[in-house]
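Okay, structure first, notes after.
Bear in mind the structure is a predicted one, so any value in this text is a computation, not a measurement. Heavy atoms only: backbone and side chains are in, while hydrogens, waters and symmetry mates are out.
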Amino acid sequence: MSRVIRFVIAFVLSLSPLAIVVPAQAGTAARASTGVAAVQILRYDAGHAAEFRSTVDQAAQIWNSSVTDVRLVAGHPADFVVLADDGWPRAQLTDLGRGTVWMGRQATTEGHDPLRIATHEIGHILGLPDRRTGLCEDLMSGASAGTGCTNPYPNAAERAEVEGNFRGFAPAAGFGRTYVDDLESTTP
């Protein structure tokens, strides 16, 4: 083997630990054992999100541009699914990065911004609880910010909290719960 080829192979192999990507199923323990801050890939299925499909894709891109420790990609098997129905938007969090989001038409009918709703509900999947601050700059304030608020971007504290969640810190959101804006109910 030529010296150049051996050098290229050695160089590529030396970079491989920097490109480790661990899927969500592998969990935090696998990430920690690599010694590298790996990106967790979360797959979502918005195939049943009806008219909200492209909005959900936009919301995923907002989160992808906002955080570095987790990456949302459309795909199967899905870690979380997004559905459309006529109720109020909500998210059922079964584990960090896993659950179901409902894009409820009731909120959009009342004038709430669909992109803010989608980004907010995905925030629950990423471990964020509702925080009814009434402030438009707080994504997780949800509907308390009013129908005039169209901000779909997480603020610095929300971004940092998601990063912490995927670095092994305990998420503030409770698992096994359904978040309906400010209401929490234990799932059956």
Side-chain angles (χ1 to χ4, degrees), residues 15-46 55-75 77-82 89-101 103 113-145 149-179 181-182 184:
L15 294 178
S16 63
L18 301 176
I20 293 173
V21 176
V22 179
Q25 286 85 349
T28 306
R31 289 172 25 133
S33 70
T34 65
V36 176
V39 175
Q40 280 194 288
I41 304 297
L42 296 180
R43 288 178 301 277
Y44 67 92
D45 176 4
T55 303
V56 172
D57 292 336
Q58 284 179 280
Q61 290 310 310
I62 287 172
W63 278 110
N64 287 344
S65 67
S66 299
V67 296
T68 58
D69 284 349
V70 65
R71 194 65 49 226
L72 305 175
V73 296
D79 296 297
F80 69 96
V81 297
V82 184
R90 59 203 180 279
Q92 183 178 54
L93 181 63
T94 57
D95 198 358
L96 183 60
R98 292 178 176 73
T100 304
V101 167
M103 290 293 297
D113 182 64
L115 183 55
R116 179 175 169 85
I117 293 168
T119 312
H120 171 94
E121 297 305 334
I122 291 172
H124 290 309
I125 298 297
L126 300 177
L128 300 177
D130 281 315
R131 296 188 171 105
R132 292 187 55 83
T133 64
L135 301 173
C136 189
E137 60 267 20
D138 296 343
L139 177 64
M140 299 315 289
S141 70
S144 74
C149 177
T150 60
N151 171 37
Y153 297 97
N155 64 32
E158 292 163 336
R159 292 189 306 267
E161 188 173 348
V162 167
E163 297 285 24
N165 292 344
F166 285 89
R167 289 181 185 159
F169 293 100
F175 301 131
R177 295 185 176 269
T178 301
Y179 287 87
D181 199 6
D182 69 325
E184 296 179 33

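Using modelled atom types, no side-chain atom of R131 and backbone atom of M140 make a donor-acceptor pair closer than 3.5 Å. Checking side-chain atoms of D45 against main-chain N and O of V81 turns up no donor-acceptor pair under 3.5 Å. For N165 (side chain) and L126 (main-chain N/O), a donor-acceptor pair under 3.5 Å exists by modelled atom type. For Y179 (side chain) and G174 (main-chain N/O), a donor-acceptor pair under 3.5 Å exists by modelled atom type. The main-chain N or O of V67 is never found under 3.5 Å from a side-chain atom of E163 such that the two would form a donor-acceptor pair. Between the side chain of D79 and the backbone N or O of R98, no donor-acceptor pair lies under 3.5 Å.
Rounding to the nearest 0.5 angstrom, the gap separating the CZ atom in F80 from the OG1 atom in T94 is 11.5 Å. Remark: L93 CG to F175 CZ distance equals 5.5 Å, nearest 0.5 Å. From L115, atom CG reaches atom CG of N151 across 9.5 Å, with rounding to the nearest 0.5 Å. Note that OH of Y44 is 12.0 Å distant from CD1 of I41, once rounded to the nearest 0.5 Å.
Closest approach of T133 to D138, counting heavy atoms only: OG1-OD2, 2.8 Å. Heavy atoms only, all atoms of each residue included: V39 and R71 are closest at CG1-CB, 3.8 Å. A pairwise comparison of heavy atoms in A59 and I122 identifies CB-CD1, 3.9 Å as the closest pair.
Listed by chain and number, the residues in a salt bridge (Lys or Arg N to Asp or Glu O under 4.0 Å) with E158 amount to none (sequence neighbours excluded).
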- Does the pair S141 and R116 meet the rule for a side-chain hydrogen bond (donor to acceptor under 3.5 Å, both in side chains), with working shown? CA-CA 10 Å; S141 70; R116 179 175 169 85; 3.0 Å; yes
- Task: List the steps, then state whether side chain to side chain contact (heavy atoms under 4.5 Å, CB included) holds for N64 with Q61.
- Result: CA-CA 5 Å; N64 287 344; Q61 290 310 310; 3.6 Å; yes
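No more than 12 heavy atoms of other residues, nucleotides or ligands shown are found within 6.0 angstrom of CZ on F169.
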